[in-house]
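See below for the structure under consideration.
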There are 2 protein chains.
Amino acid sequence: MTTNKIGLLGCTALFGALLAIGSPARANDELLKLEKDPNQWVMPTGNYANQRYSTLNQITAANAGKLHPVWTFSTGVLRGHEGGPLVIGDTMYVHTPFPNNVFALDLNDNGKVLWKYEPRQDPNVIPVMCCDTVNRGVAYGDNKIILNQADAKVVALDAKTGKELWSVQNGDAAKGETMTAAPMIVKDKVIVGISGGEFGVQGRLTAYNLKDGSLAWKAYSVGPDKELLIDPVKTTSMGKPIGENSSVSTWQGDQWKTGGGSTWGWYSYDPALNLIYYGTGNPSTWNPVQRPGDNKWSMTIFARDADTGVAKWVFQMTPHDEWDYDGVNEMILADIDVKGKPTKALVHFDRNGFEYTLNRETGELLLAEKYDPAVNWASKIDMTTGRPEVVAQFSTQHNGEDKNSRNICPAALGSKDEQPAAFSPKTGLFYVPTNHVCMDYEPFKVSYTAGQPYVGATLAMFPPKGDNNLGNFIAYDAGQGKIIWSDPEPFSVWSGALATAGDIVAYGTLEGYLKIVDAKSGKELYKFKTPSGIIGNINTYTHGGKQYLAVYSGVGGWAGIGMAAGLSKDNDGLGAVGAYKSLSNYTQLGGVMTVFGLE
Amino acid sequence: MTTNKIGLLGCTALFGALLAIGSPARANDELLKLEKDPNQWVMPTGNYANQRYSTLNQITAANAGKLHPVWTFSTGVLRGHEGGPLVIGDTMYVHTPFPNNVFALDLNDNGKVLWKYEPRQDPNVIPVMCCDTVNRGVAYGDNKIILNQADAKVVALDAKTGKELWSVQNGDAAKGETMTAAPMIVKDKVIVGISGGEFGVQGRLTAYNLKDGSLAWKAYSVGPDKELLIDPVKTTSMGKPIGENSSVSTWQGDQWKTGGGSTWGWYSYDPALNLIYYGTGNPSTWNPVQRPGDNKWSMTIFARDADTGVAKWVFQMTPHDEWDYDGVNEMILADIDVKGKPTKALVHFDRNGFEYTLNRETGELLLAEKYDPAVNWASKIDMTTGRPEVVAQFSTQHNGEDKNSRNICPAALGSKDEQPAAFSPKTGLFYVPTNHVCMDYEPFKVSYTAGQPYVGATLAMFPPKGDNNLGNFIAYDAGQGKIIWSDPEPFSVWSGALATAGDIVAYGTLEGYLKIVDAKSGKELYKFKTPSGIIGNINTYTHGGKQYLAVYSGVGGWAGIGMAAGLSKDNDGLGAVGAYKSLSNYTQLGGVMTVFGLE
């Protein structure tokens, strides 16, 4: 504990010094240092590698059973609370779903409010948010807090005062362009995405200058090469030059203009390679019959140069999507042995139920395995082409419009959705919150109207036959493609995971339990019923030399949309959320941040 | 602990047996037994005497510092959470403010929802609720849960299933008649009051038959004797027969018809005397110049026969109210020494800042003392007449219409409002959550329109000069009329108190702290920052042989109305709540039930 105390004090002093410099050009240096400081939690993803791992080891498998809540903070907002708080110095930054309030809380005084930011947004944005009014967190850099509002406005706040420094409009909510993802600050740029795959947006990743919000670069997911920031020769796919018009040529006519490929997941960054990694979402509409072709580069992992935005490589997981298997899930950067070889790996648990291990420098596909045995839509991934071998019975394209394809696994919300996994360099394992859900899917013809849902499919979700559990929390070896252990859960595990050097792993459940399990065995060490279902991500930090965990409760998100939007009461047969209807027998809405410690 | 375990099991068996009998005529016998069982918390007031005292003694002054939250439950509703949960057998009954949802939670499974009742009410009732959308709890009797809805509907639910058994309309929300008080079940009757003193309601207490909701009796606060259920000869005031037309003769013309005297506080019952005790609220309007006379029987303690409703005695605290000093605060029935004499006392901490000790059999006034030194509107209570000696400087009648009477103490919300005190027979002390607030008050002429506010005064509230604290939590000797100790609090203490045989006292703060203090010294033994400000009341019970405390968070009520109704953001100078504006620097809205234990 003495060591930690010294560590914290040292860090705080360092932090102060860095703040004093206060130059945007140094934001990267500052964040590179802060992301390695386990006493703070400086970015929603824990670190640039998206590992959600902490070297803190005061809370261990031996003493986790003695954890208790030490203070709490209601956010004053109902509906789904995704993401988690940042901790920088003595301040915790808490955010909420729409209306996207931000609170700076004083860790020295049980969360007294130092400042609050309460944006005024047009509530008409709510109906164009597909999957609850969630927001996955704010970013910190250069003494600024960056907030992505639901209405697609990006706002920079003074981290000390909450004063608005600049704002920029990153999309048009009237067209269904909204923001739910957390921004990431890389060097002197703010990286943001866009949501709206169910409204036919043209997805893109955008970099704004941290200093003043001016545009640095914008890279679309679908469309002409120029808009994609793709170099036909230098950008590769499966190790080969991507060629000209790689996207437009895979769409019928100008369907790419409303083609989706939204970018609402998590972003990673490798400082050594200077590459940003992220995935793109579904092609619009959900009706595959209506949009022939591979629909590139929807459902794709992008590796882009952080300075220019130009793509170094791409990898499409699900060409011509027929199931809404968005490719936006996080890329975890980890140096691991893959089939025995030390590798600079990128590990991605895709919505389609396959875990992909790639060489993150080259984009080479090294391994692709199912991480839920229920997955049935494809038999395997062809390692030469990278394409899934689709099972005709579960192909909604093959079965056709207005035909109900039954018992497809996973369901549209995937074997995993945005809920981020963690990686422990100590155990070498990935800890993955998963869904264990199947669906019936019926595509139908739909036409595009700006700002109106452009979905084109109905679906019903349910657990795999012969099983009552809708989720598992698993430990996975991404170098071997193997599940090591699996803890079944009655509902999808919709919270992010945290792994620590104390050999514990933490996650939350939709019923509201914070659970701590043994990193090696998955054995439950502690659970606590928080006020509401957990779809937030757990962080850890120290204050006064003591280690704490912090997590949001607040049921909602896609899995909880029935409750969050008040649908459950009246709609017995609501297909897309029917499987989660019984959730209200366990928990109710309500946003609360709970801090746990060994006190 | 062994003793407690046996106690619990014995009780559960007994409870089952009583339920099996299930006859309304036995409800009184059942409740008389259950109210004495410390393992359960069968009525919002703890017991019929309104003492909020428990003989449980596992949690003590010695170990209270080891308390921790053990589970929590978000209610899914924002705004002010007054009242508290009931615990009967293995079930906890949790209620919410408007829309007045009720949850039966399984204590064997961390609060899994056994059933929920979600009434549909017209939201137009919200604007006619003067002081937030609060509700102070449900009642239990004869296997029924009785709920008073905001829209003045009384509903009986099956305690096992939540099925609606009967309902009755107890008022007309279109006229400003609403319900916020908890019902009390006495024998085979449900006793309910009415809110609406700011809308010119004619206040009354009503008894419905528990079996089917049919009317048993109805007793108005103001009006003709027949409506008041007063016997001119047998009903006494200050020991003398009340005489004919005691109410109507104290009003100008038919002003009594819109005269107020609402009944939204707590009710007590003395089984030996078969008397129900309660107080009546302000005369309407708040402008005293407009309504000459004593305005009887507003601001009055009533003792009524439980079977017939006929008044045995009355005592008016504040004749011709000029400050909105509602007389609804709870009557605590306690057998104590008053000035050395063993007495069947009724102890009442009035909004007007005086504590009244009466003989509860006769209504004789034994003692009346200020329980906040700041009180200045009256120099003392005349013990012969029972009338306050009003200080002209602070008389808003004397100063007149459209004149601002300044620095009156207490403010309209009183030295105490509905937040109930506790009494420990062990220490002989009363533990009182108090306000320490003064006001400027300016009456103005107003005319009555049904369903429209009928207030007729503006006011501004602030702490007494030279003081920054808006509240105190005090220990008081009601037999001597003396404050024993006083713990200052930055805001009004708006939660109810709990005292136990472990010599601890519990209360909550508007910032959100649950606090445990030593019953003898007031020394703080434990505090925990719950998710939101506490205006609920703390209860205690055992489960599995272990003692727990339960309390709602959820800031709001009159003190928190600025936050609850979203006024604070825009109204810097909002007089009636201005003193509490900084509350949002400590806490946000959100209803959460937290259970604490020694685990």
Side-chain angles (χ1 to χ4, degrees), chain A residues 65-79 81 94 96 101 103-106 109-116 118 120 511-514 527-533 553-555 563-564 566 568-570 582-597 599, chain B residues 65-79 81 94 96 101 103-106 109-116 118 120 511-514 527-533 553-555 563-564 566 568-570 582-597 599:
Chain A
K66 293 175 186 159
L67 283 168
H68 290 292
V70 293
W71 61 276
T72 59
F73 179 79
S74 176
T75 67
V77 178
L78 302 173
R79 301 195 64 158
H81 281 60
V94 166
T96 76
N101 297 332
F103 302 93
L105 304 183
D106 186 354
D109 192 7
N110 287 319
K112 185 174 184 299
V113 179
L114 295 169
W115 57 256
K116 49 184 179 286
E118 300 173 304
R120 286 165 194 260
E511 306 106 294
Y513 286 102
L514 171 79
K527 70 171 179 177
F528 181 89
K529 184 92 182 279
T530 68
S532 180
S553 309
V555 75
M563 288 187 69
S568 318
K569 287 178 200 168
D570 303 313
S582 65
L583 200 46
S584 67
N585 294 339
Y586 294 87
T587 197
Q588 298 291 306
L589 300 183
V592 173
M593 203 279 308
T594 305
V595 174
F596 292 83
E599 291 177 8
Chain B
K66 293 175 187 159
L67 282 168
H68 289 292
V70 293
W71 61 275
T72 59
F73 178 79
S74 175
T75 67
V77 178
L78 303 173
R79 302 196 65 160
H81 281 60
V94 165
T96 77
N101 297 333
F103 301 93
L105 304 184
D106 187 352
D109 193 7
N110 287 320
K112 184 175 185 296
V113 179
L114 295 168
W115 58 256
K116 52 183 177 286
E118 300 173 305
R120 287 166 192 261
E511 306 105 294
Y513 285 103
L514 172 79
K527 70 171 180 176
F528 181 88
K529 185 91 180 279
T530 69
S532 179
S553 309
V555 75
M563 290 187 69
S568 319
K569 287 179 202 170
D570 303 314
S582 66
L583 201 46
S584 67
N585 294 338
Y586 295 86
T587 196
Q588 297 292 307
L589 301 183
V592 173
M593 203 279 308
T594 305
V595 174
F596 292 83
E599 289 176 10

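Quick note: numbers below take in every heavy atom, side chains included, and nothing from hydrogens, waters or symmetry partners. Protein chains get the first letters and strands the later ones, always in sequence-line order, with residue 1 at the start of each.
Looking at B/Val70, the atoms closer than 4.5 Å to chain A (heavy atoms on both sides) all sit in the backbone: N, CA, C or O. Heavy-atom distances place no part of B/Glu511 under 4.5 Å from chain A, backbone and side chain included. Heavy atoms closer than 4.5 Å to chain B are found in both the backbone and the side chain of A/Tyr586. For a residue to count as touching a neighbouring chain, one of its non-hydrogen atoms must lie under 4.5 Å from one of that chain's; by this rule B/Phe73 touches chain A with backbone and side chain alike.
If you take CE on B/Met593 and CD on A/Gln588, they are separated by 12.5 Å, rounding to the nearest 0.5 Å. Atom OG of A/Ser584 sits about 8.5 Å away from atom CZ of B/Phe103, to the nearest 0.5 Å. To the nearest 0.5 Å, atom NE2 of residue A/His68 and atom NZ of residue B/Lys66 are 11.5 Å apart. Atom CG of A/Asn110 is separated from atom NZ of B/Lys527 by 6.0 Å, given to the nearest 0.5 angstrom.
For chain B, the option among A/Leu114, A/Thr530, A/Thr587, A/Asp109 with the highest count of heavy-atom pairs below 4.5 Å is A/Thr530. Between chain A and the residues B/Leu78, B/Thr75, B/Val77, the most heavy-atom pairs under 4.5 angstrom are made by B/Leu78.
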Discussion item. Go through it in stages, so that I can follow the logic: the residues are B/Lys116 and A/Asn585, the test is side chain to side chain contact (heavy atoms under 4.5 Å, CB included), and I'd like the CA-CA distance, side-chain angles, deciding distance and then a yes or no.
Written reply: CA-CA 8 Å; B/Lys116 52 183 177 286; A/Asn585 294 339; 3.4 Å; yes
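In terms of heavy-atom proximity, A/Ser74 sits nearest to B/Ser532 at CB-CB, 4.1 Å.
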